[in-house]
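Structure first, commentary second.
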Amino acid sequence: MMHAVWLIPALPLAGFLILLATGRRLGDPNAGWLATTMMVGAFVVAVGVFFDLMGNPADGRVFQQNLFAWIPVGGLHVDVGFLVDPLSVTMALFVTGVGALIHLYSIGYMHGDERYPKFFVYLNLFAFSMLMLVLSSSFLVTFLGWEGVGACSYFLVAFWFERPTAATAGKKAFVTNRIGDFGFMLAMFLIFTTFGSLNYTDVLGRAGELPHVTATAIALLLFVGAVGKSAQLPLYVWLPDAMEGPTPVSALIHAATMVTAGVFLMVRVNPILDLAPGALTLIATIGALTAFFAATIACAQNDIKKVLAYSTVSQLGYMFLAVGSGAYVAAIFHMVTHAFFKALLFLGAGSVIHGMHDEQNMKKMGGLRKLLPITSGTFIVGWLAIAGVPPFAGFWSKDEILVNAYEKNHLLWFIGLVTALLTAYYMSRQVFLVFYGDQRWKVAADGKSPREAEAKPEHEPAAVKSASPAGHDPAADHGAHGDFKPHESPPAMAYPLVVLAVLAAIGGILRSPLERWLEPVVGERVHHVVSGAGTKVGLGVVTTAGALIGIAIAYSIYLRHRAKESSVEPLVLQRAWYADDIVRTVVEAPSRALANFSAFFVDAKVIDGTVNGIGALVRAGGGRLRRVQTGFVRNYALAVAVGAVAALAYAVARTT
Amino acid sequence: MSVPGAWYLGLGAMLFTIGAVGLLVRRNVLVMFMCVELMLNAVNLTFVTFARMLNDIGGQVVVFFVLVVAAAEVVVGLAIIVSIFRRRTEATADDVSLLRG
Amino acid sequence: MSETLPMLTLLVVIPVIGAAVVACLPRDDERLLRMVGATFAVVELLLTVALMFDFKAGEGGFQFVSQHVWIRSFGISWKLGVDGISLFLIVLTGVLFPLVIIGPEVHKDVKGYVAWMLLLETGCIGVFLALDLFLFFLFWELVLVPMYFLIGGWGYDRRIYATLKFFLYTMVGSALMLVGILTLVFLHQRATGNLTFDVVTLATDQSIASSTARWLFLAFAASFAIKVPMFPLHTWLPDAHTEAPTGGSVILAGIMLKLGTYGFLRFGLYLFPKAAFSFAPLFLTLGVIGIVYGAIVATMQRDLKRLVAYSSVAHLGFIVLGIFGLSQQGLEGGVLQMVNHGLSTGALFFLVGMIYERRHTRQIAELGGLQRVAPLFAGVFMLVMLSSIGLPGLNGFVGEFLVLIGTFVTRRWWAVVATTGVILAAVYLLWAYQRVFHGRPEGANADFPEMSWRERMLMAPLVALIVLLGVYPRPVLERISPSVRDLVAHVEQHSDFRQPAVAAGAAK
Amino acid sequence: MDWAVFVVAAVAVLVGALGVVLSSHPVHSALMLVMTLFGVAVLFIAQQAHFLAAVQVIVYAGAIVVLFLFVIMLLGVDRSENLAREPLKGQRPIALLAGVAVVASIFVLARHAWVSGATAVAGPADGPGSNVEKLADSLFTRYLLMFEMTSVLLVIAVVGAVVLARHSPSGGVRGAEGAE
Amino acid sequence: MIAQVEPIALPNVEWSQMAPELILIVGALVLLVAGTFRKDRRMATGACIFTVAVGAAAMVSAWGLWQDVGGGAGGARLAVADALVIDGFGVFLTITICSAVILGALLAHGYLVREGLESPSFYVLMLLSASGGVIMAKANDLILIFLGLEILSISLYVLAGYHQRREQSREAAIKYFVLGSFSSAFFLYGIALTYGATGSTNLGFIAAFLGTQTVTQGVLLGGFAFLLVGLGFKVAAVPFHMWTPDVYQGSPTPVTGFMAAAAKAAGFAAMLRIFYSAFGTQQLDWKPMVWVLAVLSMVVGSVLAVVQTDVKRMLAYSSISHAGYVLIGLQAASNRGIAGSLFYLLAYTFLIVGSFATVAIVARKGDNRTGLDAFRGLARERPLLAFAFTVFLLAQAGVPFTSGFLAKFYVISAAVESRSYAIAIIAMLASVVAAYFYLRLIVVMYLAEGQVMAGLTAPGVTDVRPVGEPEGAGGVAVATVVEPKVDIPVGAAIAIGVAVVFTIGVGLVPQPFIDFARHAMLLRL
């Protein structure tokens with residue numbers, strides 16, 4: 001089975017190619033089913049590979065498969081090949097697993113979209129890229145996947161490109177990611193220069209030879225890449241905007257898989273990181289700060305997806321905190337649980353949006369619990385998981401991270417703790433606003449602002465445009481504005497929610513198996529928690545308490561209305577610390593001015609002006625000389641005479 | 001005794017220059033042409049003087065040819081002058097300046 | 001092979017025969033004219049492909065060499081030969097010319113267009129094949145003439161200005177180069193008593209003083225730098241590209257810019273290894289400036305074609321970087337990138353031309369939302385653009401990556417700055433794409449027709465090659481490798497330069 | 001004696017030359033030219049070039065100057081010219097400067113010697129035999145080809161004059177042929 | 001009393017060695033005589049054919065001489081009392097000048113018929129003028145050179161004014177004449193000084209004498225200067241060039257073509273022979289002067305051509321810059337340099353006659369439409385003519401596979417060989433400037449169909465005076481007036497065809513011509 005590993009990415013690739021060629025003919029929903037089948041197939045193969053690998057002894061769980069030489073140039077030899085080890089298989093499993101679920105969900109969600117097949121084209125391409133990323137045997141092929149997922153993210157965020165915001169968000173995502181890629185590329189260059197190879201086995205196997213400075217440099221450069229991809233400070237700005245994409249995209253790419261690629265990369269190169277303690281500290285700090293920073297913003301967002309987006313940023317921060325603390329397993333563990341519950345939350349949110357006819361403003365929701373039973377039930381599971389309430393999955397992973405952070409640095413731990421509190425708070429706020437309280441949408445439906453109606457055209461498709469028997473009858477369900485009533489989603493969307501909810505609930509059990517399983521990868525180098533059991537339990541209690549406090553505060557404000565909502569949603573947080581404005585004025589405006597200056601002054605005036613100036617000079621010179629040619633024969637004779645004098649003068653000079 | 005050749009040659013140089021300057025400063029084409037004759041005479045004088053100084057008859061022969069050339073030039077030149085200034089009241093070189101630039 | 005069939009001479013001669021034949025055909029029958037022209041171009045293409053297959057992959061030296069004395073008293077020969085460096089440029093030439101002859105709309109005088117194109121093909125092939133400096137210079141100058149007429153005759157509003165600028169600018173460079181060539185040849189003669197323009201002989205000999213060689217190198221470099229074009233000698237390019245007809249732009253960008261970089265490789269490095277090495281920092285710097293500056297200026301362009309033109313400045317900067325990085329990877333990446341840029345920028349110009357045919361404007365501001373009405377068109381554009389951005393899996397990445405990694409090995413900091421070009425490329429191209437294709441189509445844009453079958457056929461080979469070279473560049477790379485290895489060895493032999501072990505592959 | 005002849009002739013030459021340039025009336029210029037020509041003829045004689053002196057007087061004074069006068073009359077341009085007027089700016093000063101420069105340069109160049117130590121090539125100018133004889137001898141030996149070529153020159157003069165006169169309404173140019 | 005009259009021992013006159021010039025002269029005389037008997041139109045055609053035949057005969061006889069001298073300096077010899085030198089160099093230029101005669105005569109016929117000027121005298125003058133040029137090329141004596149120069153020039157003065165009804169033609173004649181005689185005087189004074197300094201006018205003696213001298217005398221240097229003035233004038237080198245544009249523009253166009261080719265060839269023949277051969281030992285003295293002349297000619301000629309709007313005038317300036325290139329060959333003062341100059345002159349002869357042939361045709365009746373406007377859209381009306389002109393222009397611009405390119409290549413290689421790098425670079429840059437106006441003309445023919453040529457008109461060009469006005473029919477408002485169709489006479493067509501074939505042929509197969517020029521060595525005296 002191990003040799004079939006190439007099938008894992010190949011199946012989505014095949015799906016992509018088939019859909020590219022015949023997608024339009026397959027249409028809605030067959031294209032979706034095809035894509036989903038491919039993903040399921042990939043998942044099955046991944047499971048097979050997993051068991052195969054399990055069969056090996058712990059230290060023999062490495063398998064490398066080379067397909068063909070991709071770039072063989074001099075000392076640089078890069079194969080397209082796969083490295084099968086516990087880490088990559090874990091990643092592959094959850095990418096294909098979660099991916100398959102989201103594919104399935106999308107069949108329903110995207111139903112009725114005019115570019116339905118194309119969506120799955122992109123989705124499959126994304127899955128392929130992501131699998132290349134995680135399974136690759138070399139940095140360069142990882143980079144191939146890395147860039148591939150970035151491009152797919154771009155396509156999918158800008159899927160509804162008619163909306164300027166979507167198009168802009170897609171571009172922003174790509175460009176910001178590219179800034180990170182800059183670091184990744186430099187890291188590869190440095191690795192090649194140092195090791196003469198880009199293969200993981202070569203490089204990581206010889207990591208011990210690295211001088212400290214080089215190790216730090218490589219670690220930091222790779223981290224720059226991770227910061228871009230995983231939306232850490234300061235390159236996180238693209239992720240909230242990326243919510244312009246269809247919700248399954250947000251779930252798959254911007255919550256579960258792509259954004260965790262940075263974490264994966266960090267874990268992948270852990271032997272190098274271990275040689276660079278300074279870099280680790282920086283990573284941990286950035287992670288903690290990001291977690292806290294994003295959490296604060298999430299507290300004041302009204303857009304249901306924006307909250308989740310900032311939450312994702314925040315949770316990714318946790319993962320980097322874990323990485324920075326040397327707790328690689330914890331990072332992966334949190335990545336997995338986060339994938340479960342965040343995908344769940346996103347899909348749930350999508351279901352809500354779907355049910356609310358493209359309404360994303362939580363302030364216009366409320367009391368949906370009864371109307372969307374499956375959605376609300378599963379969403380609540382996700383909420384408890386992310387809030388860190390035991391025994392849900394999120395508690396375990398977050399707890400482990402915080403324990404490790406405590407080991408590393410108390411301050412970082414404290415930030416993490418506060419963030420946990422905030423997390424519980426803003427998620428509770430979301431749940432209360434959406435599923436509890438008054439049914440504010442009854443009012444909102446009539447007064448739906450024209451601007452928003454404008455901004456969201458015929459998209460978020462299934463809700464408005466569906467006319468298929470598989471879905472729901474729009475006339476019956478939606479009718480006129482007057483009898484607007486939110487509704488539950490179709491089964492294709494509901495099943496994945498249920499599955500994910502189960503995983504989010506029980507994901508915590510993976511904790512110790514995962515630790516053992518990943519040991520060959522992170523090896524003995526893994527940080528063993530030195531604190532005693534007492535401390536650990538104590539920390540767990542504190543964390544739980546924090547979560548509960550957060551929930552309580554949210555409860556008192558948003559359900560009991562003990563405080564004015566606006567007072568806890570300051571503008572500065574609503575505007576996300578004005579980050580976008582700062583970027584616009586500090587980065588964008590000067591760059592644009594510089595570009596304008598270069599293009600229209602330096603290039604057009606100075607450089608081209610010089611060129612044209614020389615031409616003009618010749619002509620002007622000609623014009624002046626021309627005036628000497630007066631047409632008077634005596635002038636001409638004078639020229640001859642002067643020429644003769646000059647020649648004579650030379651002769652005179654020559655004799656003296 | 002006999003005047004040194006240098007004197008003759010100096011005279012020739014001056015004559016040549018007067019002719020050249022004359023051509024430059026006079027506007028009447030005929031006078032300009034006379035100035036060319038002055039220059040040719042200066043050359044003739046120079047040749048003859050050199051012939052004496054070098055004791056070489058060649059210089060004198062050359063003068064003979066120059067005379068012929070001068071005659072031919074005069075014939076053609078005056079014909080051209082006549083053809084262009086036939087209808088004009090002045091034979092002014094400056095009037096002929098249609099072509100320029 | 002080379003003895004029985006003068007393959008390379010045929011390559012040079014076939015297009016010019018084609019041009020002559022076309023010139024004799026009646027003016028009115030456009031189909032016939034194109035058919036005949038295309039036939040010659042396709043025959044040429046087949047020959048180049050045959051050449052590629054016959055090419056012995058493991059050998060670094062010149063193959064298929066044919067040599068005939070031409071001007072005895074100057075030691076000038078008709079000497080042609082191909083090696084790994086020129087091979088794929090030849091093939092690229094073979095690929096692009098049939099496309100520009102069949103492809104774009106030609107609004108007047110098809111006969112002239114086809115004939116000039118074929119003549120241009122001869123010139124381009126000649127430059128790539130010539131192994132005699134004089135012959136090289138002849139072809140180098142020859143390409144100017146057809147291009148001059150193509151831009152001037154079939155171009156847009158400011159074509160006269162653009163074509164004159166193009167011609168004169170290039171001539172300035174050639175002027176210096178000719179003096180350089182002659183100086184080299186005569187100094188060589190003085191040293192060895194052998195008057196020859198043969199590149200191989202001159203390169204092997206290396207008898208001239210290194211201070212002189214530096215001057216000579218600069219004389220050559222001036223010409224190449226203009227052709228590339230390198231900052232700050234680039235301003236002819238946007239004008240020429242923008243005003244040229246689609247076919248002209250494709251060839252200009254796809255092939256003629258490569259003449260400059262090819263010149264650096266074949267003549268700069270080969271003839272003056274030591275000087276090239278000593279001037280490497282200068283050219284690396286200019287290359288890096290070109291990358292960054294070209295990208296920045298491209299960002300602000302309002303004309304789509306101009307934008308693509310400036311993107312060429314940036315891309316060519318990468319190639320220059322690779323060349324003067326002087327490592328195996330960099331050089332090989334540079335050579336590959338020449339081909340890549342030819343494909344992707346050529347394709348971009350085709351696409352922009354199609355937009356112009358439909359909308360009669362190239363102003364980005366007047367376009368918008370095209371993806372909605374012409375998704376396939378947009379898709380192809382996207383693919384080509386991503387290739388241009390350097391997305392892994394497409395051809396652009398392989399070259400760019402090799403260039404950067406190769407340069408990093410030898411000239412770290414230049415590579416670091418150059419890598420920012422990767423970011424900038426995404427900025428200007430995506431922004432342009434967004435403005436042209438995203439959003440909602442208004443007015444005339446709403447009636448933007450989808451790609452016709454003919455256009456699809458036109459783009460198909462380019463798209464296929466873009467993907468193929470991105471996924472499986474190995475057949476190309478392994479043909480380039482030996483020649484590049486020899487070139488690096490040549491530079492090492494004649495200068496203080498030593499390639500780091502990792503690049504050469506000795507470390508393994 | 002020699003000096004006296006030289007000085008007188010030289011003065012005649014220079015005065016005549018200046019007269020040509022400075023006379024406002026073309027007829028006066030022509031007459032001044034005659035004076036120069038005679039002066040030169042005298043200087044020829046002073047240097048044993050008797051034959052040339054004769055030819056000088058006959059051809060130059062007798063034919064060429066007459067021709068000049070003829071044309072002046074023919075064109076009816078025998079009017080005084082205002083010499084003070086010079087329409088071309090800078091022409092005169094530069095011309096004078098150039099003239100001075102030419103004379104000065106020649107003198108400077110010749111300050112050591114006008115002639116080199118070269119010996120006679122075409123045959124000695126003195127010695128036995130008359131000037132005419134020696135001239136003729138040279139003319140028909142060493143300078144034979146040149147002598148023949150002068151005939152071509154004269155043919156051209158004839159043809160040229162005819163061509164130029166052909167389209168003219170008046171037959172004034174006929175006189176040009178008579179000059180031969 | 002009477003000294004015994006010894007018979008003068010006439011020197012041996014080697015008639016066969018003078019065959020080309022004799023053929024030309026005799027041909028001219030025959031034509032002159034014949035012309036007095038027959039004066040009808042048929043005569044005009046006959047005269048043209050006869051002239052071509054004479055030119056061809058002269059050329060053939062020159063080729064015979066080439067065989068004699070053994071294609072090199074080896075068989076070179078002196079003739080007619082050392083007045084003539086028969087060497088490859090002279091023969092080469094004789095052939096060049098004969099080519100100019102043939103092409104010029106072919107070209108002239110149609111023109112003369114069109115302008116109503118048919119008369120054999122035109123051809124007579126042309127042949128005589130050519131004979132002067134040939135004599136200059138072969139002369140071994142300064143005086144003979146002077147005589148040849150005068151024969152050439154005086155004929156040309158008349159030819160320049162041949163189109164009597166055109167005021168420009170008359171003006172060209174008087175300007176050419178005044179300046180020509182002025183510069184002749186300088187030349188003659190130069191001969192005098194040289195004579196004084198060396199004791200002879202015979203180049204062989206001069207060279208022999210100078211070979212014994214270590215220091216150049218002042219007087220001799222003055223002689224160099226004056227000789228250079230005279231010859232520089234003849235070849236139209238800056239600053240002695242100022243007559244060129246006016247005379248070229250004013251002269252009847254076929255005369256311009258002939259003059260540009262033959263006079264330049266003859267002038268250079270004399271210049272190269274005098275300086276390289278006779279004054280060869282004094283290279284260091286005259287090379288700087290030639291250097292300056294060359295650079296000035298190239299630069300000023302090119303730059304001034306850029307701002308011209310009259311094609312004839314533009315070509316005139318371009319011919320000035322061409323003179324600069326030929327001077328490079330002299331400046332190199334090497335065998336390769338001389339060969340380069342010769343090659344250049346040969347190539348240039350065909351180019352320039354071809355170019356002026358086109359101009360003569362396009363100028364239409366009245367010979368006035370020579371402005372850029374007259375060429376607008378020529379490619380559509382007369383594609384072949386436009387193509388031919390394009391070939392000439394591109395060749396002059398130095399585009400590969402043409403004779404013009406090789407010519408430039410040749411002289412510049414000579415400069416580089418003699419390490420005159422600066423002049424080589426200046427020459428190449430000047431050629432770029434020059435390319436501008438050639439290209440501009442091509443643009444007008446092909447590209448600018450009725451459109452205003454934005455960015456082409458130079459600031460200094462806006463005040464264009466209508467040159468062709470007086471004859472009526474307005475050469476200015478061409479855009480509105482319906483142009484008479486351009487007629488291409490047979491003779492001109494042949495001339496242009498030959499020139500095109502030559503231009504491209506030399507570009508493709510240069511070896512025979514390079515050998516020709518290379519073997520056409522001067523007899524180093």
Side-chain angles (χ1 to χ4, degrees), chain B residues 1-3 5-11 13-15 17-22 24-28 30-31 34-35 37-38 41 44-45 48-58 60-61 63-65 67-72 74-76 78-83 85-86 89-91 94, chain D residues 2-3 6 10 13 17-18 20-21 26 29-30 33 36 40 43-44 47-49 52 55 59 64 67-68 71-72 74-75 77 81 87 91-92 95-96 99 102-103 106 114-115 118 120-126 134-135 138-139 143 146 150 153-154 157 160-161 164-165 168 172-173 176 179:
Chain B
M1 219 216 84
S2 71
V3 182
W7 287 87
Y8 287 92
L9 294 169
L11 178 66
M14 287 166 72
L15 184 57
T17 309
I18 292 172
V21 173
L24 295 177
V25 300
R26 286 304 300 259
R27 274 173 292 152
N28 189 313
L30 286 161
V31 178
M34 290 178 205
C35 291
E37 299 303 328
L38 288 181
N41 267 286
N44 284 349
L45 183 56
V48 169
T49 311
F50 275 136
R52 177 173 69 106
M53 292 166 79
L54 294 165
N55 191 19
D56 179 53
I57 195 71
Q60 294 195 15
V61 180
V63 174
F64 180 78
F65 294 128
L67 280 172
V68 177
V69 168
V74 165
V75 170
V76 172
L78 288 179
I80 292 172
I81 291 172
V82 167
S83 79
F85 292 105
R86 200 152 39 200
T89 50
E90 278 183 82
D94 297 352
Chain D
D2 285 344
W3 276 102
F6 175 77
V13 164
L18 288 172
V20 171
V21 176
S29 291
L33 179 60
T36 301
V40 171
L43 292 173
F44 283 179
Q47 300 190 79
Q48 292 86 43
L52 287 180
V55 174
V59 173
I64 294 181
L67 198 54
F68 268 107
V71 170
I72 291 169
L74 176 75
L75 292 179
V77 292
E81 181 185 355
Q91 177 83 5
R92 276 188 193 166
L96 283 175
V102 168
V103 175
I106 294 171
W114 278 93
V115 291
V121 173
D126 55 2
K134 276 179 280 195
L135 213 52
S138 243
L139 211 50
Y143 293 96
M146 291 69 149
T150 51
L153 210 51
L154 295 175
L164 290 168
S168 66
V173 201

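Numbers restart at 1 for each chain; the letters A, B, ... are given by sequence-line order, proteins then strands.
Aromatic ring pairs are classed by plane angle as parallel below 30°, tilted from 30° to 60° and perpendicular above 60°; the pair D:F6 and B:Y8 is perpendicular.
Closest approach of B:A79 to D:A161, counting heavy atoms only: CB-CA, 4.2 Å. Of all heavy-atom pairs between D:V20 and B:R26, the closest is O-NH1, 3.5 Å. Heavy-atom minimum distance, D:L153 versus B:A72: CG-CB, 3.9 Å. The two residues D:A157 and B:V75 make their nearest non-hydrogen contact at O-CG1, 3.8 Å. Closest heavy-atom contact between B:R52 and D:Q47: NE-OE1, 2.8 Å.
Contacts of D:L43 with chain B are made by both backbone and side-chain atoms, with heavy-atom separations under 4.5 Å. Neither the backbone nor the side chain of B:A20 comes within less than 4.5 Å of any heavy atom of chain D. Heavy atoms closer than 4.5 Å to chain B are found in the side chain of D:I106, but not in its backbone. Only the side chain of D:T36 has a heavy atom closer than 4.5 Å to any heavy atom of chain B.
Residues D:V40 and B:L15 are in side-chain contact: their nearest non-hydrogen atoms beyond the backbone lie under 4.5 Å apart.
If you tally non-hydrogen atom pairs under 4.5 Å between each of B:N44, B:V21, B:V61 and chain D, the highest count goes to B:V61. Per-residue counts of heavy-atom pairs under 4.5 Å with chain D were compared for B:L30, B:V76, B:I81; the largest is that of B:L30. Between chain D and the residues B:V69, B:V74, B:V31, B:L38, the most heavy-atom pairs under 4.5 angstrom are made by B:L38. For the set B:R27, B:M53, B:M14, the entry with the most heavy-atom pairs within less than 4.5 Å of chain D is B:R27. Comparing B:F65, B:F50, B:F85 by how many heavy-atom pairs each has under 4.5 Å with chain D, the most go to B:F65.
The distance from the OG1 atom of B:T17 to the CG atom of D:L96 is 11.5 Å, given to the nearest 0.5 Å. For the atom pair CD1 of B:I80 and CG of D:L164, the computed distance is 5.5 Å after rounding to the nearest 0.5 Å. To the nearest 0.5 Å, atoms CG (B:L24) and CD (D:Q91) are separated by 6.0 Å.
Under the rule for a ring pair (Phe, Tyr, Trp, His ring centres under 6.0 Å), B:F64 has no partner lying at least two apart in sequence or in another chain. For D:F44, there are no ring pair (Phe, Tyr, Trp, His ring centres under 6.0 Å) partners two or more places apart in sequence or in a different chain.
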